[in-house]
Amino acid sequence: MALAQLGLVIGCAEGNFDEARAAIALQKPDLIYCVKLAGVHWPEPFDWWVGLHPEWMTGYMQQRAALGHPRGFRTATCLEKELDPRKKDDTFEPDRRVSYRWPGMNSSASSGIFAAKVALEDCERVILAGVPMTKSKHFTRGREWSLLDSFLVGLKESIPHMTGRVRSMSGRTAELLGRPDPKWLSEVRNVGDMGRVQTPA
C-alpha cells in the first residue's frame, strides 16, 4: 500500500493548535492524528484519534460530540496485550491496534510519540505539533507535565526510528529531530502527489 506524503500529529502541550496551524501553513498534511484531549477540542476534521488510554475514549468522543465538532475520524490504540488491565473498556473497540514499541523498546515514550509511530505506518514524513516532550503545561489543564521523566527512556529508544522522517515544531523533540523546513518538505513533495490514501483498518 502506498504511503501518504505527510502526516501531522497534534499533541496536548500548551500551544498545540497554534503549532498545528503553523505546520499546516508550511504544507497541508494528507492525514491528521489527534492525541487524547486534542481530539476533543480540535475544531476541524481529522483522520485518526490516537492514545494509550482506551478507557478514556468513550468519554472523549462524547465531549467532542457535545461541542458540535465534526466526526469522521477513526481510532487507534496499542495492542490489547500491552494494555494495563485497568485501562480496558468493554464499551470501546478501536478501529486499529498498533504496538507502542519499536524493536528493542521496553518503555513507553508517551501517547504523542505513539501517535508518531502510528502515523509513520501511513505516511512518508510526520510533523509533531504540541509534542515537545518537555514539562510544558497541558493545553487544557494548565499544569506542567510532572510525569515527563518516566517517558524519557522510551523517547531515547524511539529517536533512531523517527530520525529523518519526523520533525517537530518545538521543544526537546525539535532539538533531537529537527524542525520542518522547506528543504525537508520539498523532499516530501518529491515522493509524488499521491493525495489522501486509504490507511490500515
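Contact check for D95 versus W49: no side-chain heavy atoms found under the 4.5 Å cut-off. You'll find the side chain of R167 stays beyond 4.5 Å of the side chain of R179, heavy atoms only. Two residues are said to be in side-chain contact when any heavy atoms from C-beta on lie closer than 4.5 Å; I113 and W102 meet this criterion. W145 is not listed as a side-chain neighbour of H138, based on a closest heavy-atom distance of 4.5 Å or more. Looking at heavy atoms from C-beta onward, D47 lies out of side-chain contact with R74 at the 4.5 angstrom threshold. Using a 4.5 Å heavy-atom threshold, the side chains of L128 and V166 count as touching. Looking only at side-chain heavy atoms (C-beta outward), L176 and L155 come within less than 4.5 Å of each other. Two residues are said to be in side-chain contact when any heavy atoms from C-beta on lie closer than 4.5 Å; Y33 and D122 meet this criterion.
Seen from the ring of W48, R96 counts as a face-on cation partner, given the 6.0 Å and 45° thresholds.
The side-chain contact (heavy atoms from CB on, under 4.5 Å) with Q27 is formed by just one residue from the set L8, L185, I127; it is L185.
In the model, S170 has a side-chain atom that pairs as donor or acceptor with a side-chain atom of E19 under 3.5 Å.
Considering CZ of R141 and SG of C12, their distance stands at 7.5 Å, rounded to 0.5 Å. From E14, atom CD reaches atom OG1 of T140 across 10.5 Å, with rounding to the nearest 0.5 Å. Interatomic distance, NZ of K117 versus OG of S158, reported as 9.0 Å (0.5 Å rounding). The CD1 atom of I10 lies 9.5 Å from the CZ atom of F139; values are rounded to the nearest 0.5 Å. Taking OG1 of T58 as the start and CD of Q63 as the end, the distance is 11.0 Å to the nearest 0.5 Å. Rounding to the nearest 0.5 angstrom, the gap separating the NZ atom in K36 from the NE2 atom in H41 is 13.0 Å.
Between R97 and E82 there is no salt bridge, since none of the side-chain N atoms of the basic residue sits less than 4.0 Å from a carboxylate O of the acidic one. Under the 4.0 Å criterion applied to side-chain N and carboxylate O atoms, R101 and E157 are not assigned as salt-bridge partners. With respect to the salt-bridge test (charged N to carboxylate O, under 4.0 angstrom), the residues R165 and E187 do not qualify.
One hydrophobic cluster holds both L152 and M162 under the rule that ILVMFWY side chains link at heavy-atom gaps under 4.5 Å. In the hydrophobic clustering of this structure, I159 groups with F151; members are Ile, Leu, Val, Met, Phe, Trp, Tyr whose side-chain heavy atoms approach within less than 4.5 Å, directly or through other members.
Ring orientation note: the planes of H53 and W56 are close to parallel, at an angle under 30° on the 30°/60° scale. A perpendicular orientation is assigned to the rings of W42 and F17, their planes being inclined by more than 60° (bins at 30° and 60°).
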Verdict with reasoning, V98 to C78, per side chain to side chain contact (heavy atoms under 4.5 Å, CB included): CA-CA 5 Å; V98 176; C78 59; over 6 Å; no

Let's go through C123 and L3 carefully: what are the C-alpha distance in whole Å and the side-chain angles of both, what is the deciding distance for side chain to side chain contact (heavy atoms under 4.5 Å, CB included) to 0.1 Å, and is it a yes or a no? CA-CA 5 Å; C123 306; L3 295 178; 5.7 Å; no

Derivation of the side chain to side chain contact (heavy atoms under 4.5 Å, CB included) call for T77 and V50: CA-CA 6 Å; T77 190; V50 184; over 6 Å; no

Could you go through the salt bridge (Lys or Arg N to Asp or Glu O under 4.0 Å) check for E44 and R21 one step at a time? CA-CA 11 Å; E44 300 168 27; R21 291 188 175 101; 3.7 Å; yes

Verdict with supporting geometry, V131 and V9, side chain to side chain contact (heavy atoms under 4.5 Å, CB included): CA-CA 8 Å; V131 190; V9 169; 4.1 Å; yes

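In this structure, Y100 has its ring center at least 6.0 angstrom away from the ring center of F114.
A donor-acceptor pair is defined here as one N or O able to donate and one able to accept, closer than 3.5 Å; such a pair exists between the side chain of N16 and the backbone of G11. D30 places no side-chain N or O within 3.5 Å of a backbone atom of A4 that could act as its donor or acceptor partner. Between the side chain of R71 and the backbone N or O of M61, no donor-acceptor pair lies under 3.5 Å.
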